[in-house]
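Atom set for the values below is all heavy atoms of this structure, side chains included, hydrogens, waters and symmetry mates excluded.
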Amino acid sequence: MDARSFLGLEPTADPLLWRLPVTPGVSTPGRFLFGGCGLAAGVAAMEHASGRPAVWASAQYLSYAPTGSTVEFSVNLAVVGHQTTQARAIGRVDGTEILTVNAALGRRPLDITGTWVEPPEVPGHEDCVVRATPPEFSGTVLERVQLRLALGRQFEDLDGTRGDGRCAFWARLPGQLEPSSAWLSVLGDYVPSGVAQALGRPSIGNSLDNTIRVVGLVPSEWILCDIHIEAIANGFGHGHAYLWAEDG
């Protein structure tokens, strides 16, 4: 299964126009499109239209796409350079703009690499317990992704004691054989789950924006999602996640 199949993203006769039926499998428990799936759909559409891999993409969520609706993504390849394409994908439901995804795509032939952050020291996925899924998550995108808790608490153990803003879990999409920017975009929207861990109590919310930066794609059945919550104030939470392959 590739990311387009997971999302149910449908091409049209126009390579710059795509459709995403908002099924329960890409929806939140609140019965609207999961933000990470919206970003993933925009990324997948722009990668296909440009023929280049995503380096950076950022989605701004303007409204909700309810379960049962269809989001139409129109792609604009704003600038096509020798090595980089600057593009945007606008998602609309019945003509109303729901989200906008901006992206840079391409590769530059420079033999310079380096990583200056480190993965957390946590057990491998085989030694971690399954992260329990609350009954209200049944039938949603949150049930389709397999999670194993590497750092943090189960939902039923959130007793009001605040955490340190750090949690981590291993994630796997059954049948996902190849890594992709779109699949990682889905995982990136698990950052809000870290808010509950930081507060020590269940919490829900909606995303204002999601940004993904892709350093490299390597084969990895499981992805380690290392979540950092930076601050919560005025009804908004701020955080980020590092996504690591099994080999670090």
Side-chain angles (χ1 to χ4, degrees), residues 1-22 26 33-63 65 69-117 173 176-189 191 207-220 223 240-243 245:
M1 179 190 297
D2 60 16
R4 281 168 52 185
S5 299
F6 172 81
L7 296 168
L9 185 63
E10 302 171 350
T12 69
D14 182 351
L16 299 179
L17 182 65
W18 296 74
R19 291 190 176 92
L20 177 66
V22 185
V26 294
L33 178 65
F34 185 65
C37 291
L39 173 59
V43 168
M46 286 185 284
E47 285 189 329
H48 188 275
S50 68
R52 288 172 164 171
V55 180
W56 161 88
S58 185
Q60 181 183 21
Y61 304 105
L62 308 177
S63 187
S69 64
T70 296
V71 182
E72 286 197 346
F73 284 91
S74 57
V75 174
N76 176 21
L77 304 180
V79 177
V80 179
H82 293 296
Q83 298 169 345
T84 307
T85 296
Q86 303 284 350
R88 72 178 56 89
I90 298 178
R92 298 181 175 89
V93 174
D94 296 329
T96 299
E97 188 172 343
I98 300 297
L99 74 154
T100 301
V101 184
N102 293 292
L105 309 100
R107 287 290 184 268
R108 291 175 176 169
L110 294 177
D111 188 23
I112 301 173
T113 62
T115 303
W116 286 267
V117 292
L173 176 63
Q176 177 73 20
L177 301 179
E178 297 183 4
S180 69
S181 300
W183 164 225
L184 297 180
S185 297
V186 174
L187 281 186
D189 201 28
V191 168
S207 298
L208 292 179
D209 70 283
N210 282 358
T211 297
I212 184 168
R213 299 180 185 276
V214 183
V215 175
L217 297 174
V218 297
S220 186
I223 302 294
H240 70 274
Y242 292 110
L243 303 177

Inset, instruction - Output the distance between atom CD1 (Ile90) and atom CD1 (Ile98), rounded to the nearest 0.5 Å. - result: 12.0 Å

Inset, instruction - Not counting sequence neighbours, list each pair that qualifies as a salt bridge (Lys or Arg N to Asp or Glu O under 4.0 Å) and has a residue in residues 83-99. - result: none

Inset, instruction - Can you measure from CG (Asp209) to CG (Asp189) and round to the nearest 0.5 angstrom? - result: 10.0 Å

Legend entry - Inter-residue atom distance Leu173.CG - Leu187.CG, 0.5 Å rounding: 8.5 Å

Inset, instruction - Drop me the distance from Leu208's CG to Leu62's CG, to the nearest 0.5 angstrom. - result: 10.0 Å

Inset, instruction - Taking all heavy atoms of Leu7 and all of Val26, pick out the closest pair and write down the distance. - result: O-CG1, 3.6 Å

Just distance, no hydrogens or angles: give the donor-acceptor pairs under 3.5 Å from side chains in residues 107-114, sequence neighbours left out.
none

Legend entry - Atom pair CD (Gln86) and CG (Leu105), whose distance is rounded to the nearest 0.5 Å: 8.0 Å

Inset, instruction - Kindly give the heavy-atom pair with the smallest separation between Phe73 and Ala89, and that separation in Å. - result: CD2-CB, 4.3 Å

Legend entry - Nearest heavy-atom neighbours spanning Ala59 and Leu39: CB-CD1, 3.9 Å

Inset, instruction - Measure the shortest side-chain to side-chain distance between Phe34 and Val186 over non-hydrogen atoms and say whether it is less than 4.5 angstrom. - result: yes

Inset, instruction - Please name all residues satisfying side-chain hydrogen bond (donor to acceptor under 3.5 Å, both in side chains) with Thr12, sequence neighbours left out, ordered by chain then number. - result: none

Inset, instruction - Would you indicate whether the side-chain heavy atoms of Ser180 and Arg4 approach each other to under 4.5 Å? - result: no

Legend entry - All side chain to side chain contact (heavy atoms under 4.5 Å, CB included) counterparts of Val80, not counting sequence neighbours: Arg52, Leu77, Thr85

Inset, instruction - Grab the two heavy atoms, one from Gly36 and one from Asn210, that are nearest each other, plus how far apart they are. - result: N-ND2, 3.9 Å

Inset, instruction - For the residue pair Trp56 and Asn102, establish whether any side-chain heavy-atom pair is separated by less than 4.5 Å. - result: yes

Atom pairs and distances, donor-acceptor, side-chain atoms in residues 41-49, under 3.5 Å, two or more places apart:
from  : atom 1 : to     : atom 2 : distance (Å)
Glu47 : OE2    : Ala54  : N      : 2.8
Glu47 : OE2    : Ser181 : OG     : 3.4

Inset, instruction - Give, for atom CG of Leu20 and atom CG of Leu33, the distance between the pair rounded to the nearest 0.5 Å. - result: 6.0 Å

Legend entry - Side-chain heavy-atom pair Val214, Pro53 within 4.5 angstrom cut-off: no

Inset, instruction - Report the residues that fulfil salt bridge (charged side-chain N to carboxylate O under 4.0 Å, His left out) with Arg19, sequence neighbours left out, ordered by chain and then residue number. - result: Glu72

Legend entry - Nearest heavy-atom neighbours spanning Ala104 and Thr84: CB-CG2, 4.4 Å

Inset, instruction - Return yes if some donor-acceptor pair links the side-chain N/O of Ser220 with the main-chain N/O of Ile223 below 3.5 Å, else return no. - result: no

Legend entry - Nearest atoms (heavy-atom pairs only) where Val101 meets Ala57: CG1-CB, 4.4 Å

